[in-house]
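Single-structure report; data block below.
Each chain gets a letter, A, B and so on, in the order its sequence line appears, and its residues count up from 1.
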2 protein chains.
Amino acid sequence: MNSKDERPTKFRRSTSTRDTIMKAIIDWPGHFSAEELSGSLPSVSRASVFRTLAALQESTLICRVLVDGGTTRYRFGGGQHHHHLVCLECGEIQDIPDCDADEFSRRIASRHGYTIASHQLELYGYCSNCKTLD
Amino acid sequence: MNSKDERPTKFRRSTSTRDTIMKAIIDWPGHFSAEELSGSLPSVSRASVFRTLAALQESTLICRVLVDGGTTRYRFGGGQHHHHLVCLECGEIQDIPDCDADEFSRRIASRHGYTIASHQLELYGYCSNCKTLD
DNA sequence: CATTAATTGAGACTTTATCTCAATAGTGTA
DNA sequence: TACACTATTGAGATAAAGTCTCAATTAATG
């Protein structure tokens, strides 16, 4: 249950490996999977890519999108908490800037005696382009 | 990209293997993972368990919970569309009977030109038991 | 009973991610 | 600058979760 390979909550040293990864993440157009990112950086080991991605998530410097079916995609930035619209046809991902789910989740939480730590909301459907193609 | 092993949208024959799986699902107290279910049924192959689970999801006879971190748990029933409260301490999962997210997601969708097909919402936090233990 | 197609089992395979551990390389201090 | 300390890395093993293949079985139909 406990990981020996402790994942860093923050970076304590700046390294060229991480610079390489960060640059690739920042420059990436749109969303990417861990595998795509790793594949684009043959000089960096997969483990380092995953470690960096994990650390960045904790610091909310990247946002994570759970695509229906279980795949995970990332994007640099996103800034504050937000959600996504995922097109089931073309895979496009749009950010939903405002999170209306906060007030909603608070209401639910008090009704069930829960203290909410976080929530996960993604909307799946068809973007304006794809829905006209049927 | 295309699956050769076509997953059934509905069952066309009734078999004893499926009866065994169904009984186990129905009798399972609380939520279970595919692996737990399969492990409890040594006479049934893993593939059949996964196939049955997939088919049941399409018919909404079981509900699927995405636990934070990426694991998936299931439960028989649930009936109509709903969401979950997941306790990050003890793992307890509570159903949220009403889905207030529908109207919310419609609003978002029209704002972004999307047609919504489905959505995924889970709340994570601490149940009334666990939050007093800090 | 014979035919036909759905279903199954077993195990190989895939994908995504984590772990191990020795080697490497930042950083603060002497 | 050199040293010591420890964070970080790479490479490959391993793990978790699920899918695929395909031959064998078996339910349903006539």
Any side-chain N or O of A:R18 below 4.0 angstrom from OP1/OP2 of C:dG26? no
Side-chain heavy-atom pair A:H84, A:C63 within 4.5 angstrom cut-off: yes
Under-3.5 Å donor-acceptor pair between A:R12 side chain and D:dT8 base: no
Upstream residue (5' side of DNA chain D) when A:S16 and B:Y74 are each assigned their closest nucleotide: A:S16
Does B:V44 offer a backbone N or O that forms a donor-acceptor pair with the side chain of B:S48 under 3.5 Å? no
Ignoring backbone atoms, establish whether B:S14 has a side-chain N or O less than 4.0 Å from OP1 or OP2 of C:dA6. no
Using only modelled atom types and a 3.5 angstrom limit, is any donor from either the side chain of B:R51 or the base of D:dG18 paired with an acceptor on the other? no
Spacing between B:D19 atom CG and D:dA27 atom C1', to the nearest angstrom: 12 Å
Do A:Y74 and A:H31 have side chains that get closer than 4.5 Å, going by heavy atoms? no
Using a 4.5 Å cut-off on heavy atoms from C-beta on, say whether the side chain of B:L53 contacts that of B:F32. yes
Show every salt bridge (charged side-chain N to carboxylate O under 4.0 Å, His left out) that has at least one partner inside residues 20-32 of chain A, sequence neighbours left out. A:K23-A:D27
Nucleotide nearest B:F11 when distance is taken to its side chain, options C:dT7, C:dA17, C:dG9: C:dT7
Here the residues of residues 32-47 of chain B within 4.0 Å heavy-atom distance, strictly under, of DNA chain C are B:S43, B:V44, B:S45, B:A47
Whole-Å distance between C:dG9 C1' and B:I21 CD1? 11 Å
Checking contacts here: which listed nucleotide (D:dT6, C:dT16, D:dT19) is nearest the side-chain heavy atoms of A:R13? D:dT6
For A:T15 and for B:T15, locate the closest nucleotide of DNA chain C by heavy-atom distance; then report the residue assigned to the nucleotide nearer the 5' terminus. B:T15
Are B:I96 and B:L123 side-chain neighbours, meaning at least one heavy-atom pair lies under 4.5 Å? yes
Would you indicate which nucleotide in D:dG18, C:dG9, C:dA17 comes nearest to any side-chain atom of B:S48? C:dG9
Would you say the side chains of B:H119 and A:H83 form a donor-acceptor pair under 3.5 Å? no
